[in-house]
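Protein chains get the first letters and strands the later ones, always in sequence-line order, with residue 1 at the start of each.
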2 protein chains.
Amino acid sequence: METSRSSRAPRKPRAHNTPPTGPGMYAGRTGTSSADVILRGLRARIISTELVPGIPISEHDLAQAYGVSRTPVREAILRLSDERLVEVAPKSGTFVGRIPLSALPEALVVRQALEETTVRAAVRFAQEDDFVKLENLIETQQQAVGNADRQALHDADDAFHEQIAQAGGYPGIWELITQVKVHIDRYRRLAQLDMDRLGTVIEEHRLLLRHMRARDAEGAVQAMAIHLHKLRKDMSHLKSIKPEYFIHDADLAVEFTKAQSAVKSELLADDPT
Amino acid sequence: METSRSSRAPRKPRAHNTPPTGPGMYAGRTGTSSADVILRGLRARIISTELVPGIPISEHDLAQAYGVSRTPVREAILRLSDERLVEVAPKSGTFVGRIPLSALPEALVVRQALEETTVRAAVRFAQEDDFVKLENLIETQQQAVGNADRQALHDADDAFHEQIAQAGGYPGIWELITQVKVHIDRYRRLAQLDMDRLGTVIEEHRLLLRHMRARDAEGAVQAMAIHLHKLRKDMSHLKSIKPEYFIHDADLAVEFTKAQSAVKSELLADDPT
DNA sequence: TCTATATAACTTGTATATAAGATAAACAAG
DNA sequence: CTTGTTTATCTTATATACAAGTTATATAGA
């Protein structure tokens, strides 16, 4: 009589042809690995400008800080470099990504094009509860201004635009917009706009919501255009905070000037002020 | 007298406060590392559907195939998972990303919004040499249809749209579009549209170019809308190639139906056929 | 004092080893 | 035949070790 172990017949190697996940279930990033946690943490610290553009960061130090090895830290950093939130100099060092100046005008144009789309859809499909949520967000913004709480205002502003995309049935478009506007947000934070300027966005939101409620697509689109145009003006008249925070990649220089003029003529044209 | 080595005083640790790169020079991915090469290679093979959605890939096998260790392979795979081109099941396996059905309608809407923007800019800013390039690309497309060369036609089609973005001064927007339309392209390749249907795009391009030359913004925008609307129709009437190629994430299901109806009413409205 | 140069110490890139979890084949019981 | 359980072997996740390149600094010489 042999042991159960030795009596076992030799096993065929397993195939693992299994489909990735069960039906209807999304497989992507589960978000529980060290690398994912570090990725989110670093991204947040960079976007909030707690980590200022251009400062060196080292995989080793981060690993020690997070209490892990270099491997997951490195994985997070590589993924951040795809978003241009960090710059990796091959055998030299890694740095918090500088703001790519040439990408800013295009980001604004993209945002405007996409938000025009979401607003138009929202005018068609928004339900009463969508309007209520938007009203509540405006209320939240009002309080944030009262408390001079920049962070809260910024968050509520984002939530307002996101809710419009949701109401229109295009939540994925908002995701894309957040991706595109990352560097714009960093710029604005560094610029530290004064509070009462920031407060005026609330009136713009109110106007926008009024048009949406009235199912006035063109009016809503124009209100959105004005709203985003102000953002543009903020950015243009706030010159050079610190030059070392920015990078001006050469191959996009042509685009920069062309887009700049495009922006100018296009938006000053329908500027109602 | 001591040796030059031992006579050296103890050295202060270096600071490395250097700014990332020289002025005006972009630091990002140099593209020479193994990980970068593998990233590009894998992405190309997935987009070309040489690697079909859902099949398992293993870091070990890929490492062996590329003649490197698992580390750079893994780095490439993680970055691809951000684009949803691969799906990683945490301790189980890695698979070529299935096409996220729920993202397709939104991708089409985004593309339309962005290309409307680039076309409008191109009508304003395009120079004669831009028009010449566009004409040449149409010629290339004509030849590709003659040779029944799907790949060549697809490439020339992309180049045509990219050139419009270039002419408008927004090359970055085309980059964003390529990012967004990845899964659309995969779907179309799998669908294997018939060649004479593909040939009709050329007439649409000709019409578009004619409007651009005439500096007729609204006409050009409408021509682009028609052009992209046909793409949409291709996608909608080609039902279910193989169900295992697709994934339908649950949390986006609401958006899917809403967007679907939005698309339908919006585009059939100004459909000129 | 200034400039050129060598070099140690710092960086990231890659390879390998180990840990930990998931899965399908084999087996047992009904 | 069906169902539940075990377990070898597969997978990815992380840690560690090493290789290759870069840069600030100390030193030597003008």
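A donor-acceptor contact shorter than 3.5 Å is absent between the side chain of A/E115 and the backbone of A/H161. Distance alone, capped at 3.5 Å, places no donor-acceptor pair between the B/E162 side chain and the B/W174 backbone.
A sub-4.0 Å separation between OP1 or OP2 of C/dT14 and a side-chain N or O of B/R70 is absent. For D/dT23, the OP1/OP2 oxygens have a side-chain nitrogen or oxygen of A/S92 closer than 4.0 Å. Of the side-chain N and O atoms in A/T94, one or more sit less than 4.0 angstrom from OP1 or OP2 of C/dT12. At the phosphate of D/dA13, neither OP1 nor OP2 sits under 4.0 Å from any side-chain N or O atom of A/S33.
In this structure, CG of A/L80 is placed 14 Å from P of C/dT12, rounded to the nearest angstrom. For the pair B/F95 CZ and C/dA22 C1', the computed distance is 11 Å after rounding to whole Å. Atom P of nucleotide D/dT12 and atom CD of B/E75 are separated by 15 Å, given to the nearest angstrom. What separates NZ of A/K91 from C1' of D/dA20 is a distance of 4 Å, to the nearest Å. Rounded to whole Å, atom P of D/dA15 lies 14 Å from atom CG of A/L62. Atom CD in A/E87 sits about 18 Å away from atom P in C/dT11, given to the nearest Å. Look at CD1 on B/I77: it is 7 Å from P on D/dT12, rounded to the nearest Å. Atom CZ in B/R74 sits roughly 5 Å away from atom C1' in D/dA13 (whole-Å rounding).
A/L78 comes within 4.0 angstrom of nothing in the nucleic acid, heavy atoms only. Contact annotation for B/S58: backbone-only contact, meaning every heavy-atom pair under 4.0 Å involves sugar-phosphate atoms and none involves a base. Residue contacts shown for B/I57 are limited to sugar-phosphate atoms, with no base heavy atom under 4.0 Å away.
No salt bridge links A/D157 with A/R150; every basic N to acidic carboxylate O contact stays at or beyond 4.0 Å.
Checked against D/dA15, C/dA15, C/dT14, the side chain of B/A35 finds its nearest nucleotide in C/dT14.
In this structure, the separation between CD1 on A/I99 and CD1 on A/I247 is 11.5 Å, given to the nearest 0.5 Å. The CZ atom of B/R232 sits 11.5 Å away from the CG atom of B/L104 when rounded to the nearest 0.5 Å.
You'll find a donor-acceptor pair under 3.5 Å spanning the side chain of A/T71 and the base of D/dA15, going by distance alone.
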